[in-house]
2 protein chains.
Amino acid sequence: MARTTGSHSEITGPRVREAALRLFARHGYAAVSMRQIATEVGVQAGALYNYTPDKQSLLFSLMRGHMDELLAARKALGEEGSPTDRLERFTRFHISFHSERPEAVFISYMELRSLEPENFQIIESLRRDYENALEGILRDGMDSGAFTVADPKIATLAVIAMLTGVNTWYRSAGRLTLEEVEQIYWDMVRRCVS
Amino acid sequence: MARTTGSHSEITGPRVREAALRLFARHGYAAVSMRQIATEVGVQAGALYNYTPDKQSLLFSLMRGHMDELLAARKALGEEGSPTDRLERFTRFHISFHSERPEAVFISYMELRSLEPENFQIIESLRRDYENALEGILRDGMDSGAFTVADPKIATLAVIAMLTGVNTWYRSAGRLTLEEVEQIYWDMVRRCVS
DNA sequence: GTGATAACTGAACAATCGTTCAGATCATAG
DNA sequence: CTATGATCTGAACGATTGTTCAGTTATCAC
C-alpha cells in the first residue's frame, strides 16, 4: 500500500464534498456541472470519480451524511425532564444545529426532488424519524396536560417549518445573537403549543 | 390582421406557461429542458419562442405573475377591523391562497436562485412588500396591546414560514378540510403573538 | 377563390453535459 | 535505487442543452 501518509485522497476527498456542498446549495444540483466542482477543487473532472461513483451518489452522500448527523445529535439530547424542558431543548437544538450548517440544510430540503426514487425514500424516512421525535414530545405534553395542541402531527410540522425558517435570514454577524434568536423562538413555540 | 379568432396562440400560450409551471415545480428549472416543455404542450421546441424570448424570461414571468396575484389578493383583504381580526384574515388568506396554487408557490420559493440578478431583485422586493403587510399588522397589534411580540420582524418571518409550510403536506383530499387547517393554524398563530 | 401572415416544423448551431480511460505523475515501500 | 500503485491529466464519447431560422402549414380577411 503506497502513499499512505501524505496521500492526496485524504485532502482531495473532503474538498470534493465541500465544493459540491457549496455549489449545490448556491446554484442547485442540476445547475452545477462536475467540471465546476472539479475547478473549485483545483483538479480535472475525471479525478472526481476517484471519490464518487457518479454525481447522484455525491448528492445523496451529502444529504445522507447530514441527516445521520442530525439524528445522532438529536438523540444525544436525551429524554430527561418534563415535556416543556424537552421541547425547549429541541427548539434550541434545532436552531443552533441548523444555523451551523446552512448549506447542508438547504440542500437536504431543496434537492429532495433531485434524488432518484430509492435515495429519496431513504432521506424521506430519516426526516420522518426526526419529525417523530418532536411529535413524541408534543404527545407527552398533551398527556401530561402541559400542552394544548389541536393536532400533534400538524403542530410538529408547523413548529419545524417555523424553526427551519430561521436559516433563511439568520447570519451570525447580524443584529441578534444566536442565543437571542433561540430565546425569541422558544417564546413563540411555547406559546404556540400551550 | 389574420387569424384573430381561433388563433392557436391564445391556446398554446397559456399551455406553455402551464406546462412550464408544472415541470419547473416538479423537477426544478435547471433540470427541465425546453424540449420537455414543448413535448408536454405537443409542439416542437422552436415554437416555444413565439411565447417567450428565452427560458429565463419564462421562469421570471411565472414568478412575477404569481407575486403580482398574491399582492393584489392581499390588498383586497382590506385594512378594516382590529389587529387581531386582520391577523386572522391574513392567516386564513395565506393558507387558502397558497393551497390553491402549490406549483407557483413552490417555484417562487425554490427557484429564486435560478433568477438572474436583476430578476431576483424584483421578485425579492415583491416578497418584502408581502412580508411588510404582515409586519404592519403585528406592529399595530403591539401598539394597541393586542399582541406581545419580542421582535416584529422575526415574528413576521416565523409566522410566514409556519403558514407556508402547510403547502408541503396539505392535500385537498386529505384528512382535514381547508377550513379545519385554517382554524388550527389560526389558533397557533394567535397564541404565538399573544 | 387569393393573398397575407400567424403558427409551427425540422434541421442545424456551438456549447456543455456526465462519464470513461489510457497514459503520465509522483510519493512511498522495499 | 527500483517497483508499486494511488492519484490525476487530458482527450475523447455520445447525448443533450438553449436558441435560431428558412421553409411549411393553416387559418384568417377580403
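Values below: every heavy atom of this structure, side chains too, minus hydrogens, waters and symmetry copies. So that the names make sense, note that chain A is the first sequence line, chain B the second, and so on, each numbered from 1.
Scored by the ring pair (Phe, Tyr, Trp, His ring centres under 6.0 Å) test, A/H98 finds A/H94 as partners (sequence neighbours excluded).
Within residues 13-31 of chain B, no residue has a heavy atom under 4.0 Å from DNA chain D. Contacts between residues 59-66 of chain A and DNA chain C, defined by a heavy-atom separation below 4.0 Å, involve no residue at all.
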Below 3.5 Å, can you tabulate the donor-acceptor pairs from side chains in residues 114-128 of chain A to any protein atom, sequence neighbours excluded?
from, atom 1, to, atom 2, distance (Å)
A/S114, OG, A/E111, OE1, 2.6
A/N119, ND2, A/Q56, OE1, 3.1
A/R127, NH2, A/S108, O, 2.8

For residues 148-162 of chain B, tabulate all N or O donor-acceptor pairs below 3.5 Å that involve a side-chain atom, not counting sequence neighbours.
from, atom 1, to, atom 2, distance (Å)
B/D151, OD1, A/R175, NH2, 3.4
B/D151, OD1, B/K153, N, 3.1
B/D151, OD1, B/I154, N, 3.1
B/D151, OD2, A/R175, NH1, 2.6
B/D151, OD2, A/R175, NH2, 3.0
B/K153, NZ, B/E135, OE1, 3.2
B/T156, OG1, B/P152, O, 2.7

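Between D/dC8 and A/T12, a contact under 4.0 Å exists linking OP1 or OP2 to a side-chain N or O.
Pairs of residues two or more places apart, or lying in two chains, that qualify as salt bridge (charged side-chain N to carboxylate O under 4.0 Å, His left out) and include a residue from residues 179-188 of chain B are B/R92-B/E179, B/R92-B/E182, B/D187-B/R190. The salt bridge (charged side-chain N to carboxylate O under 4.0 Å, His left out) pairs that include a residue from residues 51-71 of chain A are A/R64-A/D68, A/E69-A/R101, where partners are two or more places apart or lie in different chains. Sequence neighbours left out, the pairs with a member in residues 11-46 of chain B that pass ring pair (Phe, Tyr, Trp, His ring centres under 6.0 Å) are B/F24-B/Y29. Pairs of residues two or more places apart, or lying in two chains, never qualify as ring pair (Phe, Tyr, Trp, His ring centres under 6.0 Å) while including a residue from residues 38-70 of chain B. For residues 138-183 of chain A, the set of pairs meeting the ring pair (Phe, Tyr, Trp, His ring centres under 6.0 Å) definition, not counting sequence neighbours, is empty. Judged as a salt bridge (charged side-chain N to carboxylate O under 4.0 Å, His left out), the pairs with a partner in residues 19-38 of chain A (not counting sequence neighbours) are, in order, A/R22-A/E40.
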Hey, what are the protein-to-nucleotides 11-16 of chain C N/O distances that come in under 3.5 Å?
from, atom 1, to, atom 2, distance (Å)
C/dA12, N6, B/R35, NH2, 3.2

